[in-house]
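For the numbers below, each heavy atom of this structure counts, side chains included, while hydrogens, waters and symmetry mates do not. Bear in mind the structure is a predicted one, so any value in this text is a computation, not a measurement. Every chain is numbered from 1 and lettered A, B, ... according to where its sequence line falls, protein lines coming before strand lines.
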There are 2 protein chains.
Amino acid sequence: MTRDLTIGRVAEAVGCKVQTVRYYEQIGLIPAPPRSGGNQRLYDESAIHRLTFIRHARELGFPLQAIRDLISLSDDPNQPCDAVDEIAKTQLIEVNRRIERLQALRHELKRMIHQCKGGSIADCHVLEVLSDHNLCEAEDHQAPKKMT
Amino acid sequence: MTRDLTIGRVAEAVGCKVQTVRYYEQIGLIPAPPRSGGNQRLYDESAIHRLTFIRHARELGFPLQAIRDLISLSDDPNQPCDAVDEIAKTQLIEVNRRIERLQALRHELKRMIHQCKGGSIADCHVLEVLSDHNLCEAEDHQAPKKMT
DNA sequence: TCTTGAACCTATAGTTACTGTAGACATTAC
DNA sequence: GTAATGTCTACAGTAACTATAGGTTCAAGA
């Protein structure tokens, strides 16, 4: 088992910044590794394994708190799988919601750009659409309430 | 022109929090309105108009800096529309990127949930997928670099 | 062996876009 | 008149990092 990985190598291996690794240690997401004579952190592959788990989960959109939960669950492997499953399901609902919002948004942006054909700002459709909700085809966000 | 809108009414009208309106004033995104005898902010409809613009743009994913740019552009309406168009296009690219990532992500979450059928955590596929990039079908995020 | 430059250390502040809190004053409804 | 609600300022907190300053350590070339 290699025990000679500096923080820079580890960060490069998992594809994040050195500061991020130190940050994860600071908030207790990874254990503090042993140090060299010169006080530098020395990691082995288990650190890369855990960091890969964390970064992967982050890229999948899990908040750090959910990752923390997952780690503590996996440290105690005799529990039923339901809790983990629950976290993934919650996450899926959230992801679906975000996709829908973004698609509506893309539609509107395309329309805005399409209608902006090199005129002057005075008749720029982008600004118009942004100012006037009635010109907006997206349905996933609220129109401001009309004053009475 | 009504000139008797308190900050609470304005916030409600545009669908944001009172603090958010004050925050926008603080960072110079909206002008400071006149005050009542008792030092309370009094808005008219032009404030609602501008705030609607801002909130709408925020919901479309524009960062505040882009909105700031759009506002300063629209204050000077004799320029060509290109700059505005450019901001929208940049935004569109970003939105496309986010949609793709989220779709890959959704795919993986579904697969994870599908394979987690009430076993114990020891053989929970969710944790496995998160730990091991090889089990991951998503292609939009980087596998960690293999150590040599 | 010396030196130089990159990588590392701690500690702290900054980022984005808000949100929440405390303690005081204003306004409105009954 | 009083109670409830709304508003005021100022400041702290949030997530998840990122950047900076000022110093130490390490690896490689002359």
Scan [X] against the nucleic acid and name what it touches under 4.0 Å (heavy atoms): base, sugar-phosphate only, or nothing.
X: Arg68(A); value: nothing
X: Arg41(A); value: sugar-phosphate
X: Phe62(B); value: nothing
X: Ile7(A); value: sugar-phosphate
X: Arg22(B); value: base

Is it true that Asp69(A) and Gln65(A) share a donor-acceptor pair across their side chains at a distance under 3.5 Å? yes
Test item: side-chain donor near acceptor, Tyr43(A) and Arg50(A), under 3.5 Å: no
Short side-chain N/O contact to [N] OP1/OP2 from [X], under 4.0 Å:
X: Thr20(A); N: dA16(D); answer: no
X: Ser36(A); N: dC26(D); answer: yes
X: Tyr23(B); N: dT16(C); answer: no
X: Thr6(A); N: dA7(C); answer: no

Side chain of [X] - closest among [options]:
X: Leu64(B); options: dA17(C), dT10(C), dC26(D); result: dA17(C)
X: Pro63(B); options: dA17(C), dC8(D), dC9(C); result: dA17(C)
X: Arg35(B); options: dC18(C), dA16(D), dC8(D); result: dC8(D)
X: Lys17(B); options: dG20(C), dA17(C), dC8(D); result: dG20(C)
X: Gln40(B); options: dA19(D), dC17(D), dC8(D); result: dC8(D)

Do Ser36(B) and Arg41(B) touch side chain to side chain, with heavy atoms closer than 4.5 Å? no
Do Gln19(A) and Tyr24(A) come within less than 4.5 Å of each other through their side chains, counting heavy atoms only? no
[atom1] of [X] versus [atom2] of [N]: gap in Å, rounded?
X: Tyr24(A); N: dA16(D); atom1: OH; atom2: P; answer: 8 Å
X: Ile30(B); N: dC18(C); atom1: CD1; atom2: P; answer: 12 Å
X: Gln65(B); N: dC18(C); atom1: CD; atom2: P; answer: 14 Å
X: Leu29(A); N: dC17(D); atom1: CG; atom2: C1'; answer: 13 Å
X: Arg9(B); N: dT28(C); atom1: CZ; atom2: P; answer: 10 Å
X: Gln19(A); N: dT10(C); atom1: CD; atom2: C1'; answer: 12 Å
X: Asp4(A); N: dC8(C); atom1: CG; atom2: C1'; answer: 16 Å
X: Glu25(A); N: dC17(D); atom1: CD; atom2: P; answer: 15 Å

Identify, between Gln26(A) and Cys16(B), the residue whose nearest nucleotide on DNA chain C lies closer to the 5' end. Gln26(A)
Looking only at heavy atoms, the pair that brings Ile48(A) and Ala13(A) closest together is CD1-CB, 3.9 Å
Shortest non-hydrogen contact between Ala11(A) and Lys17(A), atoms and distance: CB-C, 3.9 Å
